[in-house]
Amino acid sequence: MRISCGARQNIRTPPTYTRWYKDFAYTGGIPANATAPSHITPPLKTLRYFPLSEGPENCYIINRVPKGHYSVRIFFGLVEHEIDNEPLFEVSVEGTIIHSLKSGWSKNDEQVFAEALVFLLDGSVSICFHSTGRGDPTIISIEILQIDEKAYYFGPEWGRGVILKTTSRLTCGTSKPKFDEDYSGDHWGGDRFWHPIRTFGKNADAPRSTESGIKKASTVPNFYPEALYQSAVVSTDSKPDLAYTMDVDPNKNYSIWLHFAEIDATITGAGKRVFDVLINGGTVFENVDVVGMSGDRYTALVLNTTVALSGRTLTITLHPKKGSHAILTAIEVFQVIVAEFKTSPEEGITFCYYLYGFASMTSADCLFCALKKSLGLPNRFGWNGDPCVPKEHPWSGADCHFDKSGGKWFIDGLDLSYNFLNGSIPESLGKLTALRRLNLNGNSLSGRVPSALGGRLLNGASFNFTDNHGLCGIPGLPKCGPHLSAGAKVGIAFAVFLSLVLLVICSICWWKRRQNILRAQQIAAASRSAPYAKARTQSSHDIQMSRNPSRGRTASENGPSLLS
């Protein structure tokens with residue numbers, strides 16, 4: 001699925017006529033015209049931005065996502081005519097932060113999007129944008145592309161609880177940026193973007209290219225495009241070591257994938273080019289012989305390693321051991337992120353959207369939706385996405401506790417005092433079984449405090465309902481008068497409405513009957529008061545009697561009659 005954010009209709013974009021779905025019923029925010037910050041940004045004309053007035057967290061909630069392994073990619077944009085207003089914000093997928101935009105992102109091709117490989121297992125995906133107070137999050141597009149179940153398997157630590165965030169993906173020896181679709185790649189590999197790097201430095205290397213076919217390229221599970229291996233860089237006599245350095249986040253684990261294919265015509269067989277691979281000075285692969293390890297020339301070879309980095313730079317060095325030069329085709333670097341545990345579904349987490357005309361969710365997901373609506377929480381609270389994760393962006397007013405034994409987060413406190421809340425406290429609040437602290441004092445709430453909450457006061461819970469003049473029903477608050485349930489109130493209202501309808505119908509019927517009686521009386525009165533009409537009637541009667549004299553006879557004159 002590809003979504004053109006802010007678009008009102010489905011569209012297709014050149015050169016591959018990629019289909020983008022309209023942005024409907026997934027989120028809030030405001031659509032606007034877009035300015036694309038990079039030539040690699042999809043050629044879309046709209047975006048969606050999320051002003052802080054709608055809350056610090058805003059999410060796209062996309063349902064009916066089949067269980068599987070996915071590449072999730074988000075392109076950022078700039079509101080038209082505001083190209084100098086570069087917003088900075090964070091992005092999370094399924095409650096886990098995958099990206100933080102840094103100053104200058106709009107001028108760097110590799111930073112105009114965020115991409116992560118994730119497992120989606122509950123039939124939906126939440127992609128959230130977290131404001132940092134420096135501009136409104138602005139999104140041009142969202143792509144959710146299914147990839148092979150075993151794609152980018154890197155060892156025992158790999159699994160459904162791990163997210164791979166794309167840090168960098170380079171194609172060497174060329175100056176043309178390309179996506180997998182430009183390479184006619186297999187869709188099970190995802191539509192990866194390959195940033196071109198023709199050289200690592202002045203006189204540091206020389207480019208190589210070929211039009212010959214490459215064997216063993218588009219294979220399970222990563223399905224790399226064959227054309228990726230048709231260019232490379234080779235080190236030189238002046239600089240035999242081939243080295244590339246990039247910036248990374250410190251104290252993180254990184255999965256590094258190195259691509260090779262021997263396309264240099266001067267190398268005729270195995271053993272002619274051998275080199276070591278070092279990461280930040282430490283050897284990770286020894287005696288790499290591309291022809292010997294791949295089985296032939298013009299054959300793809302992929303090596304993978306995972307390293308822990310404490311510093312802010314990653315340097316990949318290829319050091320020749322036999323022959324004077326090293327060769328490199330492409331580089332992929334992923335940050336290994338442990339996925340956050342989500343809030344317990346029994347707490348009815350997160351997705352409030354169906355109450356506001358957005359994506360519908362299951363009934364179990366709607367407790368906080370009901371609470372948000374019932375209490376009249378202001379938009380500035382946000383309350384979108386998961387209440388407890390990402391840990392860096394919990395819901396305003398919510399205190400969370402992690403249950404290590406169950407591997408779930410629970411809400412154990414809400415600080416919602418003095419927020420001009422109104423309405424009643426919903427009975428569903430009692431479903432927060434871990435709730436031990438609840439402060440609703442200093443608002444304008446009314447009605448009976450749910451019994452499920454009142455009972456917990458006897459078990460050491462700390463609840464504060466004071467300064468709500470309409471609340472009643474627990475010690476410390478006024479006693480409640482006659483109290484009707486919501487169902488009873490609805491029933492009474494329906495009965496009153498039905499009675500009014502019947503009264504109106506009866507009144508109409510009585511009025512029409514009265515009008516008919518009055519009309520008949522008027523006709524009768526008119527007949528009695530018209531002499532000409534009376535005389536004419538009598539004359540007609542006399543004429544008929546003279547024409548038919550037998551009608552004036554008595555019964556005895558006409559003989560017997562048969563009565564029935």
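Because the structure is a prediction, the values reported are computed rather than measured.
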Peer 1: Taking ring pair (Phe, Tyr, Trp, His ring centres under 6.0 Å) as the criterion, tell me which of Phe179, Phe75, Trp105 meets it with Phe113.
Peer 2: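 When Phe179, Phe75, Trp105 are each tested with Phe113, the ring pair (Phe, Tyr, Trp, His ring centres under 6.0 Å) holds only for Phe75.
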
Peer 1: Is the ring centre of His130 less than 6.0 Å from the ring centre of Phe89?
Peer 2: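 No - the distance between ring centres of His130 and Phe89 does not fall below the 6.0 Å cut-off.
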
Peer 1: What class does the angle between the rings of Phe497 and Phe494 fall in, given that below 30° is parallel, 30 to 60° is tilted and above 60° is perpendicular?
Peer 2: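 Because their plane-to-plane angle lies in the 30° to 60° range, the rings of Phe497 and Phe494 count as tilted.
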
Peer 1: Quick one: do the Asn516 and Arg519 side chains pair a donor with an acceptor below 3.5 Å?
Peer 2: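 A pair is found: one side chain offers a donor N or O, the other an acceptor, under 3.5 Å apart.
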
Peer 1: Would you call the rings of Phe50 and Phe129 parallel, tilted or perpendicular, taking 30° and 60° as the class edges?
Peer 2: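 Answer is parallel, since the angle falls under 30°.
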
Peer 1: Looking at Gln9, I'd like to know if its CD atom is crowded, meaning that more than 12 non-hydrogen atoms belonging to other residues, nucleotides or ligands lie closer than 6.0 Å.
Peer 2: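 Result for CD/Gln9: open.
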
Peer 1: Which pair of heavy atoms, one from Ser168 and one from Glu110, lies closest together, and at what distance?
Peer 2: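 Looks like OG-OE2, 3.0 Å.
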
Peer 1: For the pair Thr46 (side chain) and Cys5 (backbone), establish whether a donor and an acceptor sit closer than 3.5 Å, ignoring hydrogens and angles.
Peer 2: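 Flag set: sc Thr46 to bb Cys5 pair under 3.5 Å.
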
Peer 1: Using 4.0 Å as the upper bound for N to carboxylate O, is an ion pair formed by Arg160 and Glu149?
Peer 2: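 Between Arg160 and Glu149 there is a salt bridge, with a charged N closer than 4.0 Å to a carboxylate O.
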
Peer 1: Do the ring centers of Tyr152 and Trp158 come within less than 6.0 Å of each other?
Peer 2: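 When the ring centroids of Tyr152 and Trp158 are compared, they turn out to be at least 6.0 Å apart.
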
Peer 1: Does a side-chain N-to-carboxylate-O contact under 4.0 Å join Asp180 and Arg169?
Peer 2: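 Result for this pair is no, no salt bridge flagged.
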
Peer 1: Do the side chains of Arg48 and Glu54 get close enough for a salt bridge, i.e. N-O under 4.0 angstrom?
Peer 2: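 No, Arg48 and Glu54 are not salt-bridged.
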
Peer 1: Taking NE2 in His39 as the centre, count heavy atoms belonging to other residues, nucleotides or ligands within less than 6.0 Å. Is the count above 12?
Peer 2: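 Count over threshold, so yes.
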
Peer 1: Would you please classify the geometry between the His99 ring and the Phe76 ring as parallel, tilted or perpendicular, with 30° and 60° separating the classes?
Peer 2: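 Ring orientation, 0 to 90° scale: parallel.
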
